[in-house]
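All heavy atoms count here, side chains included; hydrogens, waters and symmetry mates do not.
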Amino acid sequence: MKPGAQSAATNAAIEFEALADDAWLLRLGEVIDDALNARIHALAARLRAQAPTWLRDLVPAYASLAVFFDSRAIDADAVRDWLQARCAQTPEVVDPLASIEARTVEIPVAYGGEFGPDLASGAAELGLSPAALIQRHSDAVYTVAMIGFAPGFPYLSGLDPELTLPRLATPRTQVAAGSVAIGGAQTGIYPRPGPGGWRLLGRTPLTLFDPSRAQPSLLLPGDRVRLLAIDPAQFARLQAGA
């Protein structure tokens, strides 16, 4: 099997594409959609529950699932056949995540001021007060749709569509670690300092990615996330305690 080769095999609208000699990409669609992403996580959970010894990793994205395997232990075509059989067993249900035990992680966030320099301008664009934007942004229950862009960066689905904000025309060259932001119809949290073009609403004192931890990423695909608004004094105490 050559890297980049495409398989014509499909199963229940799932396309199988070869990423490399040791990886298949399962495509369920091409759009950002909460229901589609839920199907991705449900499929990943089922495959993980049946994981054979040759399965190395499962990496979910918004509309696809990468499956990495030990090519020394099994042939790529055999992996594809195994995946197709498991996909055929995946039931279509109204809520694909209903049967999955997902973590709920609370993320404290200090909004506005030095923590969220785009809060006031974003609220004005939306026709809201800063306090109303904070309330509506922190009221939602988000799902980690995928981890990407940078190690530990969570793309959070579940943003109120009325809070959609365009990215900055000119990205910042430096965004503080822990910055909580809106980029289009998504919310995300920057795990490390670096450039970024999303609208910064606030910041968390938690460390989202630490390679020295047994589980480096604080958040994992499929996790539920609640954002808890805190004040600057609480931010300082939590940061010191961390």
Side-chain angles (χ1 to χ4, degrees), residues 32 37 40-41 44 56-62 64 66 68 102-122 133-134 137-138 140-159 163-242:
I32 293 177
N37 186 244
I40 292 291
H41 292 298
R56 293 175 51 215
D57 200 6
L58 295 168
V59 182
Y62 267 108
S64 63
F68 293 86
R103 300 188 309 163
T104 296
V105 183
E106 296 183 340
I107 304 291
V109 181
Y111 284 91
E114 64 176 297
F115 304 106
D118 297 323
L119 176 68
S121 62
L133 176 52
I134 293 171
H137 188 257
S138 58
V141 178
Y142 298 95
T143 298
V144 181
M146 60 177 287
I147 300 291
F149 172 63
F153 185 104
Y155 286 83
L156 304 178
S157 66
L159 179 70
L163 301 185
T164 297
L165 284 169
R167 294 168 174 79
L168 296 173
T170 302
R172 291 180 170 89
T173 58
Q174 190 76 346
V175 173
S179 291
V180 177
I182 291 177
Q186 307 167 87
T187 283
I189 308 175
Y190 289 83
R192 294 287 186 91
W198 290 25
R199 308 290 282 276
L200 308 182
L201 302 188
R203 195 188 315 160
T204 179
L206 302 185
T207 300
L208 265 73
F209 186 81
D210 182 350
S212 69
R213 294 191 301 225
Q215 174 54 59
S217 182
L218 177 65
L219 297 174
L220 299 173
D223 284 348
R224 309 293 204 279
V225 175
R226 291 184 177 273
L227 304 178
L228 306 179
I230 60 174
D231 59 35
Q234 292 172 304
F235 183 97
R237 287 197 297 271
L238 288 170
Q239 190 175 51

Verdict with reasoning, F235 to E114, per side chain to side chain contact (heavy atoms under 4.5 Å, CB included): CA-CA 12 Å; F235 183 97; E114 64 176 297; over 6 Å; no
Contacts of type side-chain contact (heavy atoms from CB on, under 4.5 Å), residue Q215, not counting sequence neighbours: S217, L220
For R167, all residues meeting salt bridge (charged side-chain N to carboxylate O under 4.0 Å, His left out), sequence neighbours excluded: none
Rounded distance [0.5 Å steps], CG in L218 versus OG1 in T207: 8.5 Å
Side chain to side chain contact (heavy atoms under 4.5 Å, CB included) partner of I107, chosen from L156, T204, L228, I230: T204
Gap between atom OG of S121 and atom CG of L165 - 0.5 Å precision: 8.0 Å
Working for side chain to side chain contact (heavy atoms under 4.5 Å, CB included), residues V141 and R226: CA-CA 5 Å; V141 178; R226 291 184 177 273; 3.4 Å; yes
Audit row: L133, L163, side chain to side chain contact (heavy atoms under 4.5 Å, CB included) steps and yes/no: CA-CA 8 Å; L133 176 52; L163 301 185; 3.8 Å; yes
Taking every non-hydrogen atom, the tightest pair across L219 and P154: CD1-CG, 3.8 Å
Heavy-atom pair of closest approach, residues Y62 and A145: CE2-CB, 3.3 Å
Distance (rounded to the nearest 0.5 Å) between Q186 CD and T164 OG1: 9.5 Å
For D57, side chain to side chain donor-acceptor pair (under 3.5 Å) partners two or more places apart: none
Qualifying residues under side chain to side chain donor-acceptor pair (under 3.5 Å), relative to R56, sequence neighbours excluded: D22
Nearest-0.5 Å distance, CG of residue L201 to CG of residue D118: 7.5 Å
Pairs meeting criterion salt bridge (charged side-chain N to carboxylate O under 4.0 Å, His left out) with involvement of residues 143-157, two or more places apart: none
Residues forming a side-chain contact (heavy atoms from CB on, under 4.5 Å) with A140, sequence neighbours excluded: Y142
Min side-chain heavy-atom separation P117-R172 under 4.5 Å: yes
Under the side chain to side chain donor-acceptor pair (under 3.5 Å) test, residues paired with S212 that sit two or more places apart: D210
Counterpart residues, side-chain contact (heavy atoms from CB on, under 4.5 Å), relative to A61 (two or more places apart): S64, M146
Salt bridge (charged side-chain N to carboxylate O under 4.0 Å, His left out) partners of residues 190-201, not counting sequence neighbours, each pair once: E125-R199
Residues that P221 engages under side-chain contact (heavy atoms from CB on, under 4.5 Å), provided they are two or more places apart: H41, P60, I147
Exercise: identify the closest heavy-atom pair between L238 and P205: CB-CG, 3.6 Å
With sequence neighbours excluded, residues passing side chain to side chain donor-acceptor pair (under 3.5 Å) with T187: H137
All ring-ring contact (aromatic ring centres under 6.0 Å, His included) counterparts of F153, not counting sequence neighbours: F149, Y155, Y190, W198
P216 to P211 - nearest heavy-atom pair and separation: CB-CA, 4.0 Å
Derivation and outcome, side chain to side chain contact (heavy atoms under 4.5 Å, CB included), residues V144 and V225: CA-CA 7 Å; V144 181; V225 175; 3.8 Å; yes
Atom of A181, atom of L200 and distance for their closest heavy-atom approach: CB-CD2, 3.8 Å
